[in-house]
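Read the numbers this way: they start at 1 and go in the same order the structure lists the ligands and their atoms.
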Amino acid sequence: MEDKLDLNTGWQKIITILEERVSKPTIKTWFSNVVPLQILNGILQLEVPNKLVKNWLENKFHVILLKTAKEVFKELKSIEYIISSNEVKKTRIRKYLFSQKITIFEVSPSTNLNPKYTFENFVVGSNNELAFAAAQGVVNNLGEKFNPLFIWGGVGLGKTHLLQAIGNEIVKKYSTTKKVRYATTEQFTNELINTLKNQNIEEFRQKFREVDVLILDDVHFLSGKTKSQEELFHTFNELYNARKQIVFSSDRPPKMIPDIEERLQSRFEGGLVIDITPPDFETRFAILRLKNQERAYYLPDYILEIIAQKITKNIRELEGALNYTAFKLRSLKDATPEKIETLIKEYQRHNIKTISPKKILKIVAEFYNIKEEDLTKKIRKKELIKPRQVAMYLLREIGKLSYNSIGELLNKRDHTTVLYSCEKIEKEIQESFDLFQEIEVLKNRILNE
Ligand code: ADP
Ligand code: MG
């Protein structure tokens, strides 16, 4: 009976099992264009779209794929990957539709976690596999194995993603029996300042001490902040003594954080310290493939390959280049490799320039036809709400300012107002294509003028 199992049905079965063993997004990313051709002399022949996919399957999936395939087709001995002969037509590409069906993720108020960051959509490569394994170790041995877990690495390499994924996985696994709290160090510090102002330290302590898992992102930010360091030190001790799990991230190892108390530094080093480095080409390509699918851009592999070759140091930038390329390609008829390279250069030029906040305010004011001081002064007028929010968003996105400095710049507005505005615009961009375009126009002006 097994022998007579129809090839396509069997293949579907294999995919279903793999989705459970690996993860749906990963399998979808790599197997959506893989077609079973035949089984010849015990060898399953698979047609794959190109060399990159072939390499990835051979290097990363072969063992598990063969094992699974053998469970379905009992006589199977091996698998062969054959590159498809219908090579992608590189110059004739249809217009890509910018997907308007993007899932909107809401940050959970009780945990402060964003559900968009999961283990499943975290691509594991040689640059992050140890950190990933440690993260999984934490989830499976809360407070026991790696405590604290301290993950460090450069900007845009996936620290926040991994930290939040730990939190989300714990929520998924233990449901409400384990209390998780995620905070950036900026949030921790700001809340502490507010707490001291309003004299409700108990509430603050409850929030950060009565948890089973505390995840604190970007602790290098504690540098020079004595009060926050002290509070964190005591928070740490209380949690640690109660065998609660603590996870930290930083852009550098504990020893290299300047202006930090030694006792806190030594707590950071007391568990497992592990780094994430920039991804290799294969991993970059894999990340692009996953994001390309998630966002329904449907850019062909050769475009992703060019992006992965050109952007090497930062995954946020890699994503940015993908978004930029997808967006620009809506109006490009011939996406030749040369054009793609030009687009990436354009994107990189935008990205490296540092932009003065003044310029951002000026251009936003011009765009909305208001005075620059209308953005900064505290004048209550309904029509000023949106331009102000857009200004705050752009000051953060392109100006790279902290919420606090944006608040300062806009006439001592509270950082929570700034945070709220930035998040609001970020969300609305995904919902409204008009706003998306408006922001793109603004960005272009700011970056090019
Ligand atoms: P960091 O906190 O180190 O600055 P982030 O975690 O914010 O970096 O990552 C930047 C972006 O890159 C995020 O959108 C994140 O989802 C993505 N990213 C980083 N690493 C990976 C990975 N291994 N797989 C998938 N996406 C990743
Ligand atoms: Mg981060």
Side-chain angles (χ1 to χ4, degrees), residues 22-30 56 60 102-105 107 112-136 149-169 182-189 215-222 247-253 257 274-295 297 304 307-308 311-324 326 347 351 396-397 400 402-403 419 422-423 426 429-430:
V22 184
S23 85
K24 264 196 184 157
T26 309
I27 297 304
K28 209 172 146 222
T29 304
W30 293 104
W56 188 267
K60 304 271 176 179
I102 298 174
T103 325
I104 313 235
F105 294 100
V107 172
N112 195 27
L113 287 167
N114 187 330
K116 81 172 172 187
Y117 298 112
T118 62
F119 280 158
E120 291 196 339
N121 63 15
F122 187 83
V123 175
V124 182
S126 51
N127 62 314
N128 59 23
E129 61 190 351
L130 290 177
F132 183 75
Q136 287 186 313
L149 173 62
F150 189 104
I151 295 177
W152 68 273
V155 184
L157 293 184
K159 301 182 297 294
T160 296
H161 189 135
L162 200 52
L163 258 62
Q164 295 234 10
I166 293 176
N168 283 319
E169 189 69 20
Y182 166 90
T184 63
T185 300
E186 200 178 352
Q187 288 167 341
F188 183 87
T189 303
I215 304 173
L216 199 59
D217 208 349
D218 292 332
V219 294
H220 54 272
F221 203 74
L222 284 168
V247 183
F248 296 116
S249 86
S250 158
D251 71 352
R252 62 199 79 182
I257 306 176
I274 212 156
D275 68 334
I276 298 186
T277 54
D280 57 15
F281 171 77
E282 271 201 332
T283 311
R284 296 199 296 275
F285 179 69
I287 291 171
L288 286 173
R289 264 196 138 217
L290 184 79
K291 308 271 169 182
N292 187 39
Q293 285 244 355
E294 272 181 1
R295 297 189 188 153
Y297 291 152
L304 305 183
I307 301 176
I311 311 254
T312 54
K313 297 205 175 60
N314 178 328
I315 299 170
R316 190 171 301 128
E317 206 180 319
L318 201 63
E319 267 187 70
L322 173 72
N323 295 342
Y324 187 80
Y347 169 80
N351 226 18
R396 175 81 183 175
E397 274 297 295
K400 310 280 181 219
S402 72
Y403 295 123
L419 179 72
C422 293
E423 283 179 352
E426 198 160 304
I429 293 174
Q430 302 189 339

I would like to know whether F119 and V124 meet side chain to side chain contact (heavy atoms under 4.5 Å, CB included); could you show each step before the answer?
CA-CA 9 Å; F119 280 158; V124 182; over 6 Å; no
Scan I276, I166, N121 and name whichever one has a side chain to side chain contact (heavy atoms under 4.5 Å, CB included) with H161.
N121
If you leave out waters, which protein N, O or S atoms are less than 2.8 Å from the Mg ion (ligand 2)?
T160 OG1
Contact residues of ligand 1 (heavy atom under 4.0 Å), by chain and number
Y117, N121, F122, V123, N128, G154, V155, G156, L157, G158, K159, T160, H161, I287, K291, I315, R316, E319
How about V155 and D251: do any of their side-chain heavy atoms sit closer than 4.5 Å?
no
Y117-F122 aromatic ring centre distance below 6.0 Å
no
To the nearest 0.5 Å, atom OG1 of T160 lies from atom CG of D218 at 5.5 Å
Flag the pair L162 / N128 as yes when at least one side-chain heavy-atom distance between them is below 4.5 Å, and no otherwise.
no
Specify whether W56 and W30 have parallel, tilted or perpendicular ring planes, treating 30° as the upper limit for parallel and 60° as the lower limit for perpendicular.
parallel
Run the numbers on D217 and S249 for side-chain hydrogen bond (donor to acceptor under 3.5 Å, both in side chains), then give the verdict.
CA-CA 5 Å; D217 208 349; S249 86; 2.4 Å; yes
Between P278 and N314, is there a side-chain heavy-atom distance shorter than 4.5 Å?
no
